[in-house]
Amino acid sequence: MIRFLCITILIITSLCASARRTASDAFINAPMSILPLFDHTQRLDMVDYFNADMADRSDNNLLGGTSKIQTIEPDRLILSAGNAATLEISLLPTKKDTIVAFIETLETPAPDSNIRFFDLSWHELNIFKEPDITSWTLNKRHENEVARLVPFMLASATFDPTAQELIYTNNVTQWLDSETAAQATSLMAGQLRFKWNGTSFKRIK
């Protein structure tokens, strides 16, 4: 009886492992409404090229530009769309299922990211509010001064699957003049980090 139970557990564990979602799966299967640059066949080809050690190969996207995958890990895929943008697809574990994060970063005038979250049925989820200028200000009494110096915020984001952290990097120095940038950065955080706990993000102070 014990032997039978052990074999059953091993089979179930094996089936669960084989059915585990990966970032590549999310990239390949995302609807065109979410990822319009590549059709399904192009995505399959791009993943195959990368896995066949042909990572330097670029593919034309549907806007006429060139794109290639930079990184594939079980829980993260990163690709570049020319020199203008990057896309990071990361998987966030939950108790019941998996959440897919799409982090799109435009590189000009300085790297700036937009992040969206979806369940595995591709319904968009409202689980995180991106940090505004007040979130970057080190001292609340300097909020008006920072808002005057920095008319709009540019920050790049990435999700670290190992640490389960969403990390934002302040990029205002890349587009402000040197004097204004020096004033602003003395009043602002250089990074913001948010810990994923399986249900939500909590800022790491």
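For clarity, every value in this text was computed on a predicted model and none was experimentally measured.
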* To do: Please step through side-chain contact (heavy atoms from CB on, under 4.5 Å) for the pair I133 and M188, ending with a clear verdict.
  => CA-CA 9 Å; I133 197 70; M188 301 174 71; 3.9 Å; yes
* **Worked verdict on F159 versus R76 for side-chain contact (heavy atoms from CB on, under 4.5 Å)** => CA-CA 8 Å; F159 182 76; R76 180 166 60 178; 5.9 Å; no
* Go through the steps for L166 and I115 under the test side-chain contact (heavy atoms from CB on, under 4.5 Å), then give the verdict. => CA-CA 10 Å; L166 179 62; I115 185 167; 3.9 Å; yes
* To do: Take L35 and R43, measure what side-chain contact (heavy atoms from CB on, under 4.5 Å) needs, and give me the verdict at the end.
  => CA-CA 10 Å; L35 191 54; R43 299 179 204 176; 3.7 Å; yes
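No side-chain heavy atom of K140 sits under 4.5 Å from any side-chain heavy atom of T134. Counting heavy atoms from C-beta outward, L79 and F50 have side chains that stay 4.5 Å or more apart. Between F27 and I72, the closest side-chain pair of non-hydrogen atoms is not below 4.5 Å.
A donor-acceptor pair under 3.5 Å is formed between the side chain of T22 and the backbone N or O of D25. Formation of a donor-acceptor pair under 3.5 Å by the K68 side chain with backbone atoms of M46 is not found in this model. The main-chain N or O of N29 is never found under 3.5 Å from a side-chain atom of H40 such that the two would form a donor-acceptor pair.
Linking Ile, Leu, Val, Met, Phe, Trp and Tyr whenever their side-chain heavy atoms come within less than 4.5 Å leaves L138 and I204 in two separate clusters. Note: the hydrophobic cluster containing I28 also contains F118 (ILVMFWY, side chain heavy atoms under 4.5 Å, direct or indirect links). When hydrophobic clusters are built by joining Ile, Leu, Val, Met, Phe, Trp and Tyr residues whose side-chain heavy atoms come closer than 4.5 Å, directly or via intermediates, I127 is grouped together with F194. Under the 4.5 Å side-chain heavy-atom criterion for ILVMFWY residues, a single connected hydrophobic cluster contains both I34 and I89. By the rule that hydrophobic residues join a cluster once side-chain heavy atoms approach within less than 4.5 Å of another member, L44 and V47 end up as members of one cluster.
Under a cut-off of 6.0 angstrom, the local environment of NZ in K202 is sparse, with at most 12 non-hydrogen atoms contributed by other residues, nucleotides or ligands. Atom CG of N126 is surrounded by 12 or fewer heavy atoms from other residues, nucleotides or ligands within 6.0 Å. Atom CG of N139 has more than 12 heavy atoms from other residues, nucleotides or ligands within 6.0 Å.
Listed here is the closest heavy atom pair of A157 and E88: O-OE1, 4.3 Å. Between L37 and A81, the closest heavy-atom pair is CD1-CB, 4.5 Å. Across V150 and A184, no two heavy atoms sit closer than the pair CG2-CB, 3.8 Å. Taking every heavy atom of both residues into account, Q70 and S80 meet most closely at NE2-OG, 2.9 Å.
Counting only residues at least two apart or on different chains, the side-chain hydrogen bond (donor to acceptor under 3.5 Å, both in side chains) pairs with a member in residues 107-123 are T105-S113, D119-H123. Annotation: ring-ring contact (aromatic ring centres under 6.0 Å, His included) contacts involving residues 134-153, sequence neighbours excluded, comprise F152-W175. Each salt bridge (charged side-chain N to carboxylate O under 4.0 Å, His left out) pair with one or both residues in residues 152-167, not counting sequence neighbours, appears once here: E165-R193.
Here the OG atom belonging to S90 is positioned 7.0 Å from the CD1 atom belonging to I78, to the nearest 0.5 angstrom. Rounded to the nearest 0.5 Å, atoms OG1 (T71) and CG (L77) are 8.0 Å apart. The OG atom of S135 sits 6.0 Å away from the CZ atom of R203 when rounded to the nearest 0.5 Å. Here the straight-line distance linking atom OG of S67 with atom CG of L87 works out to 9.5 Å at 0.5 Å rounding. Interatomic distance, S24 OG to E73 CD, rounded to the nearest 0.5 Å: 10.0 Å. Remark: Q164 CD to N197 CG distance equals 10.0 Å, nearest 0.5 Å.
Listed by chain and number, the residues in a side chain to side chain donor-acceptor pair (under 3.5 Å) with S156 are N171 (sequence neighbours excluded). Residues satisfying the side chain to side chain donor-acceptor pair (under 3.5 Å) criterion with T185, sequence neighbours excluded, are absent altogether. Remark: T41 pairs with D39, D45 by the side chain to side chain contact (heavy atoms under 4.5 Å, CB included) rule, at least two apart or across chains. Partners of E143 under the side chain to side chain donor-acceptor pair (under 3.5 Å) rule, at least two apart in sequence or in another chain, do not exist in this structure. Residues satisfying the ring-ring contact (aromatic ring centres under 6.0 Å, His included) test with Y168, not counting sequence neighbours, are none. With sequence neighbours excluded, the residues that form a side chain to side chain contact (heavy atoms under 4.5 Å, CB included) with E145 are R148, L149, Q183, L187. For D75, the salt bridge (charged side-chain N to carboxylate O under 4.0 Å, His left out) partners are R20, not counting sequence neighbours. Partners of W196 under the ring-ring contact (aromatic ring centres under 6.0 Å, His included) rule, at least two apart in sequence or in another chain, are F201.
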For residues 93-103, dump all side-chain donor-acceptor pairs below 3.5 Å to protein atoms at least two apart in sequence or in another chain.
{"residue": "T94", "atom": "OG1", "partner": "K96", "partner atom": "N", "Å": "3.4"}
{"residue": "T94", "atom": "OG1", "partner": "D97", "partner atom": "N", "Å": "2.7"}
{"residue": "T94", "atom": "OG1", "partner": "D97", "partner atom": "O", "Å": "2.5"}

